Engineer: 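Before anything else, here's the structure in question.
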Protein chains: 2
Amino acid sequence: MSTGSMPANEPPLRADARRNRRRLLDATIALVLEQGGEPSRDAVAQRAGTGVVTLYRHFPDQQSLLRAVVLDVVDRTIEQGELALAESATGGDAVRRYLHASIDTGLGVVNIVHGLLDDTAWPDRLAAARDLLDRLTEAARRDGAIGPDVGPTDLALASIRFCRPLAIGLDPDAERAIAHRQLDHYLDGLLDSGR
Amino acid sequence: MSTGSMPANEPPLRADARRNRRRLLDATIALVLEQGGEPSRDAVAQRAGTGVVTLYRHFPDQQSLLRAVVLDVVDRTIEQGELALAESATGGDAVRRYLHASIDTGLGVVNIVHGLLDDTAWPDRLAAARDLLDRLTEAARRDGAIGPDVGPTDLALASIRFCRPLAIGLDPDAERAIAHRQLDHYLDGLLDSGR
DNA sequence: ATGAAACGGAGTATAATCCTCCGTTTACTG
DNA sequence: CAGTAAACGGAGGATTATACTCCGTTTCAT
């Protein structure tokens, strides 16, 4: 269930294949976030520490790779969002926790890659994501954490903004730390928390 | 004085040359911000609405182009920052006004391009920029707008974060509007203004 | 009007990218 | 602990993008 986007009724993958598939997805996510566009096949394979052939075996064309990436990221993010909504004490906390999680899952890729896909092969996930954002907004509004001028779009745009690397040669750890810190300040302003 | 980065003791440029130079700089700034790396020559020329030759005539190699871009952006941003510092009622207001201005000048390019330059051909501007950030921080701290945990680095990183386009196919106007809105929320959190 | 400076389109050399063949290595099964 | 099938990676050729230049035309300044 938490295995990301695995089509269920397929012959089960061998262990190394499964590992490499995961690495390819992670490499693609990182490259898309860093460069903001379609990464080259060679670059993906190199980043993943795998041969180019492996990439082609798992994902015959760019479309299937990007589709898999989107499914993977969206699923992991929605999962985190549902947890946030279920376990947080207040609506504001849920929003806060969800956005921080979206930085770690790399949600930003979805919006970047979206325009490169010719089909919308995941209307269900899109609906689920929208619905999640709506419920997060609703919860925060009910608790008085946000005013009427703040909507689901603000949350979506925030996740895009803070997911993107700064592209100034920082190592991933520093990059993430900065993103979380900035997001916290942003949320301090967005949510009139406590005060 | 407000003509951007014009080397003073050179033969004066013809009117069309000056115009094209400006367009090339703007195109480069936009492309660097959108793609986060070295844009191709053809792309720059096309975006500027000029021929490739014109690009080569003004900037013989990539280095000179990037250097010119940095000088241009830094100068215009510093100018705005000094104005903000001089004319704002409070330190917090100065910080706010400076960061909003940096979105419009495109300051983000400097940090992105910085790593692509092999020399630091503008130690004076770098010093001036640092100094400006220090004075802005100092002013805001004196007015109680920021605590001791917020420093000049936060301002620099914020300008990078909010300068970068979201890369989701928005038109420039929408892009800028979102950036300003998000920056405002961020600053509401960063500066414990008023409250 | 005239000379000089600036311009753009077309074209070639170079580098990056895409994609496949095939011998080797790695994981599962009895 | 074999044996087999699946998965792997490096090398290489076809295709595409990028960098840069020649030269006839247009635009500006006097």
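Chain identifiers are assigned alphabetically (A, B, ...) following the order of the sequence lines, protein sequences preceding nucleic acid strands; residue numbering begins at 1 within each chain. Given the structure is predicted, the values throughout are model-derived calculations rather than measurements.
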Engineer: Could you check how far CD of Q46(A) sits from C1' of dG9(D), rounded to whole Å?
Structural biologist: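 Rounded to whole Å, this separation is 13 Å.
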
Engineer: Can you see if the side chain of N20(B) gets near the phosphate of dC7(C) - specifically, an N or O under 4.0 Å from OP1 or OP2?
Structural biologist: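 It does, given that an N or O in the side chain of N20(B) lies less than 4.0 Å from OP1 or OP2 of dC7(C).
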
Engineer: Does any part of the side chain of L183(A), heavy atoms only, come nearer than 4.5 Å to the side chain of H100(A), both counted from C-beta?
Structural biologist: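 When only atoms from C-beta onward are counted, L183(A) and H100(A) do touch, with a gap below 4.5 Å.
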
Engineer: Over how many whole Å does the gap from L13(A) atom CG to dA5(D) atom C1' extend?
Structural biologist: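 The distance from CG of L13(A) to C1' of dA5(D) comes to 14 Å, rounded to the nearest Å.
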
Engineer: With a 6.0 Å cut-off (strictly less than), is the heavy-atom count around CD of Q46(A), excluding the residue itself, greater than 12?
Structural biologist: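 Check fails, neighbour count at 12 or below.
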
Engineer: Nearest-Å distance, CG (L55(A)) to P (dT17(C))?
Structural biologist: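 These atoms are roughly 14 Å apart.
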
Engineer: Can you tell which of dC22(D), dC7(C), dG9(D) lies closest to the side chain of T50(A)?
Structural biologist: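 Among dC22(D), dC7(C), dG9(D), the one nearest the side chain of T50(A) is dG9(D).
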
Engineer: When you measure only distances, ignoring hydrogens and angles, does the side chain of R14(B) come within 3.5 Å of the base of dA5(C) through a donor and an acceptor?
Structural biologist: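 Indeed, a donor on one side and an acceptor on the other fall under 3.5 Å apart.
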
Engineer: Have S64(A) and D61(A) got a donor and an acceptor in their side chains that come within less than 3.5 Å?
Structural biologist: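 S64(A) vs D61(A): donor-acceptor pair found between side chains.
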
Engineer: Could you walk me through whether V32(B) and V69(B) satisfy the side-chain contact (heavy atoms from CB on, under 4.5 Å) test, starting with their C-alpha distance in whole Å, then the side-chain angles of each, then the deciding distance to 0.1 Å, before giving a yes or no?
Structural biologist: CA-CA 10 Å; V32(B) 168; V69(B) 163; 6.0 Å; no

Engineer: Whole Å only: how far is the CZ atom of R23(A) from the C1' atom of dA7(D)?
Structural biologist: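 Taking atom C1' of dA7(D) as the reference, CZ of R23(A) is at 14 Å.
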
Engineer: With heavy atoms under 4.0 Å as the rule, sort R41(A) into base, sugar-phosphate or nothing.
Structural biologist: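 Answer is sugar-phosphate: R41(A) comes under 4.0 Å of backbone atoms only.
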
Engineer: dC28(C) P sits how many Å from R18(A) CZ, rounded?
Structural biologist: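 So the CZ-P distance, R18(A) to dC28(C), works out to 10 Å.
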
Engineer: Tell me: CZ of R21(A) to P of dA6(D), nearest whole Å?
Structural biologist: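 Rounded to whole Å, this separation is 19 Å.
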
Engineer: Starting the side chain at C-beta, find the nucleotide from dC8(D), dC28(C), dT20(C) nearest to H58(A).
Structural biologist: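 Among the listed nucleotides, the one closest to the side chain of H58(A) is dC8(D).
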
Engineer: Under 4.0 Å, heavy atoms only, any strand: does D16(B) hit a base, just the sugar-phosphate, or nothing?
Structural biologist: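 Sugar-phosphate, no base atom in range.
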
Engineer: Flag yes if more than 12 heavy atoms outside E34(A) fall under 6.0 Å of its CD atom; otherwise flag no.
Structural biologist: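 Atom CD in E34(A) is packed in, count exceeds 12.
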
Engineer: Starting at the 5' end of DNA chain C, which residue's closest nucleotide do you reach first, S40(A) or R57(A)?
Structural biologist: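 It is S40(A) whose nearest nucleotide is closer to the 5' end.
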
Engineer: Choosing from dC22(D), dC20(D), dA6(C), which nucleotide comes nearest the side chain of D42(B)?
Structural biologist: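 That would be dC20(D).
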
Engineer: Look at the side chain of R19(B) and decide which nucleotide, out of dG8(C), dC28(C), dC28(D), has an atom nearest to it.
Structural biologist: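 Closest of the options to the side chain of R19(B): dC28(D).
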
Engineer: Heavy atoms from C-beta onward define the side chain here; which of dA19(D), dC18(C), dC28(C) lies closest to that of A15(A)?
Structural biologist: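 The answer is dC28(C), which lies nearest to the side chain.
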
Engineer: Taking the side chain of T54(B) as heavy atoms from C-beta outward, which of dC7(C), dA29(D), dC18(C) is closest to it?
Structural biologist: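 In terms of side-chain proximity for T54(B), the closest of dC7(C), dA29(D), dC18(C) is dC7(C).
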
Engineer: I need the OH-C1' distance between Y56(B) and dC23(D), as an integer number of Å.
Structural biologist: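 Those two atoms, OH and C1', are 17 Å apart.
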
